[in-house]
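If you read the sequence from its start, that first residue is 1, and numbering goes on from there. Every number for a ligand or one of its atoms is a count from 1 in the order of the listing.
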Amino acid sequence: MRLSPRIEGIGESATLALDARYKALKQSGVDVVGFGAGEPDFPTPEHIKEAGIAAIRANFTRYTAAGGIDELRTAIADRLREDQGVRYEPAQTIVTSGAKHAIYNVVQALCAEGDEVIIPAPYWVSYPEIVKTAGATPVILECRESEGWRIDPERLKRAITRRTRLVIVNSPGNPTGWIGSRDEMQSLVDLANAHDFYVLSDEIYSKLAPPKTFVGPATLPRATDRVIVVDGVSKAYSMTGWRIGWAIGPKPLVQAMLRFQSQATSHPSSVSQKAAVAALRGDQSVVRTMADEFEKRRRLMVDGLRRIPGFTLAEPKGAFYAFPRVSTFFGGKVGNVVIRDSASFAETCLDVARVAIVPGAPFGAEGHVRLSYATSNDEIQRGLDRLAEFARSIERPARSTPPAIHG
Ligand code: PMP
Ligand code: GLU
């Protein structure tokens with residue numbers, strides 16, 4: 001069948017594909033530990049669920065405005081003002097079906113054939129693919145583990161061309177846990193002004209960051225009209241399935257996204273929008289409680305991984321992922337299976353040790369694997385025990401020279 005060349009070249013989301021495999025195995029009764037998709041295991045807080053139920057009972061089940069209900073757009077602007085001290089009008093916000101969809105809308109509205117979008121690597125798996133759906137070109141900017149994955153302004157400058165339209169930045173970052181400093185963010189904003197491009201700041205993990213560590217680029221001098229903030233309720237309020245995200249930015253861009261959305265998905269679910277209002281207006285201590293729990297889990301995961309010979313790990317500062325290097329195992333064997341790369345490492349780990357992890361390659365960092373610790377302490381411990389056993393079972397070549405990998 002002949003498909004559109006744009007879609008033909010798009011890969012399936014590696015994280016969602018792995019999650020589907022993990023959930024299918026689990027459903028069929030296999031005892032498998034899930035360190036795969038980044039999905040908090042907490043239930044959505046009660047008062048948010050109640051708001052969704054109340055919306056159904058009140059028959060709030062019809063079409064809404066394409067950009068989302070005013071009540072939610074106002075709540076989004078108010079929350080950003082409260083959290084970061086920046087003022088936006090509700091008309092500068094648009095509600096989307098998840099943050100992924102907000103990123104998609106921004107890229108569709110801003111980028112055309114021939115435009116370049118700079119993506120610091122390691123990156124979240126969906127960024128390059130979303131850029132390709134617009135016919136634009138992802139330009140990967142390598143960041144180094146030895147430098148704490150920071151965005152080096154000199155290397156960034158070298159990646160900028162006349163075609164650069166957008167830089168996508170994700171702090172706290174998936175998969176590395178990097179948190180951008182004020183200086184890093186300011187140089188990014190300054191370069192955006194100097195070279196006339198935009199900054200998409202994906203802040204989906206920002207509310208879960210340790211206090212006073214996250215710097216939103218929108219709060220910095222000269223950021224007005226350069227920065228587009230993307231966020232959502234999935235991670236901070238444990239609402240992945242409700243599918244509510246948003247973008248905040250320059251009015252003409254938001255209006256373009258609104259027109260586009262009105263022809264594509266109309267608007268996100270009416271019921272979910274009401275639940276999101278309750279999340280943003282309600283007691284914010286639910287977020288801190290979850291964040292504190294993630295902090296404990298981070299310690300357990302990091303300390304546990306560091307005790308496994310062959311795993312090397314830079315400490316994640318935020319989000320809920322560990323991104324260890326496992327390339328010392330490459331060339332090794334488990335039974336007859338040769339572990340060649342991060343994909344075969346993750347595949348064999350699921351087949352043999354029954355632990356779901358994501359290979360580093362789709363994040364632009366071959367040599368690594370990603371483990372989500374958004375799961376219970378018991379699950380983390382069970383998974384770590386299995387991983388240690390798995391690592392022991394890999395017969396490594398006598399003199400294993402890890403392949404040269406960036407970072
Ligand atoms: N950005 C990043 C960095 C993510 O890890 C995710 C994963 N959920 C998203 C955006 C999208 O989140 P959602 O579409 O569930 O709001
Ligand atoms: N963002 C999460 C992850 O990276 C959820 C899956 C997805 O949307 O890609 O695992």
Original post:
Taking the non-hydrogen atoms of S126, is any one of them nearer than 4.0 angstrom to ligand 2?
Top reply: no
Subject >> For ligand 2, the portion of T240 having any non-hydrogen atom under 4.0 Å away >> reply: neither
**OP:** Could you find the nearest protein heavy atom to atom 1 (N) of ligand 1 and give me its residue, atom name and distance?
**Re:** D202 OD2, 2.5 Å
**OP:** Would you check the N or O atoms of I103, main chain and side chain alike, for any that come under 3.5 Å of an N or O of ligand 1?
**Re:** no
Original post:
Judged by non-hydrogen atoms, does T240 sit under 4.0 Å from ligand 1?
Top reply: no
Original post:
With only distance considered, is G38 within less than 3.5 Å of ligand 2 through an N or O on each side?
Top reply: yes
**OP:** State, without any angle test, whether D385 and Q381 hold a side-chain donor-acceptor pair at a distance under 3.5 Å.
**Re:** yes
Original post:
Among the heavy atoms of S234, does any lie under 4.0 Å from an atom of ligand 1?
Top reply: yes
Subject >> Proximal ligand 2 atoms for N174, defined as those under 4.0 Å from one of its heavy atoms >> reply: 3 (C), 4 (O)
**OP:** Could you establish whether Y127 and ligand 1 come within less than 4.0 Å of each other, counting only heavy atoms on the residue side?
**Re:** yes
**OP:** Could you tell me how the ring of Y127 sits relative to the ring of W124: parallel (under 30°), tilted (30 to 60°) or perpendicular (over 60°)?
**Re:** perpendicular
Subject >> Atoms of ligand 2, numbered as shown, that sit under 4.0 Å from any heavy atom of K235 >> reply: 1 (N), 2 (C), 5 (C)
Original post:
Got the closest protein heavy atom to atom 7 (C) of ligand 1, with its distance?
Top reply: K235 NZ, 3.1 Å
**OP:** May I ask you to decide whether D152 forms a salt bridge with R150, counting only side-chain N to carboxylate O separations under 4.0 Å?
**Re:** yes
Original post:
Are F390 and F345 close enough that their ring centers fall under 6.0 Å?
Top reply: yes
Original post:
Looking only at heavy atoms of E39, does any of them come nearer than 4.0 Å to an atom of ligand 2?
Top reply: no
Subject >> Note: D31-R382 ion pair, threshold 4.0 Å (strictly below) >> reply: yes
Subject >> Closest approach of any protein heavy atom to atom 9 (C) of ligand 1, naming residue and atom >> reply: W124 CH2, 3.3 Å
Subject >> Parallel, tilted or perpendicular: ring planes of F260 versus Y104, cut at 30 and 60 degrees >> reply: tilted
Original post:
What about Y205: any of its N or O atoms under 3.5 Å from an N or O on ligand 1?
Top reply: yes
**OP:** Record the part of F320 in heavy-atom contact with ligand 2 below 4.0 Å; permitted values are side chain, backbone, both and neither.
**Re:** neither
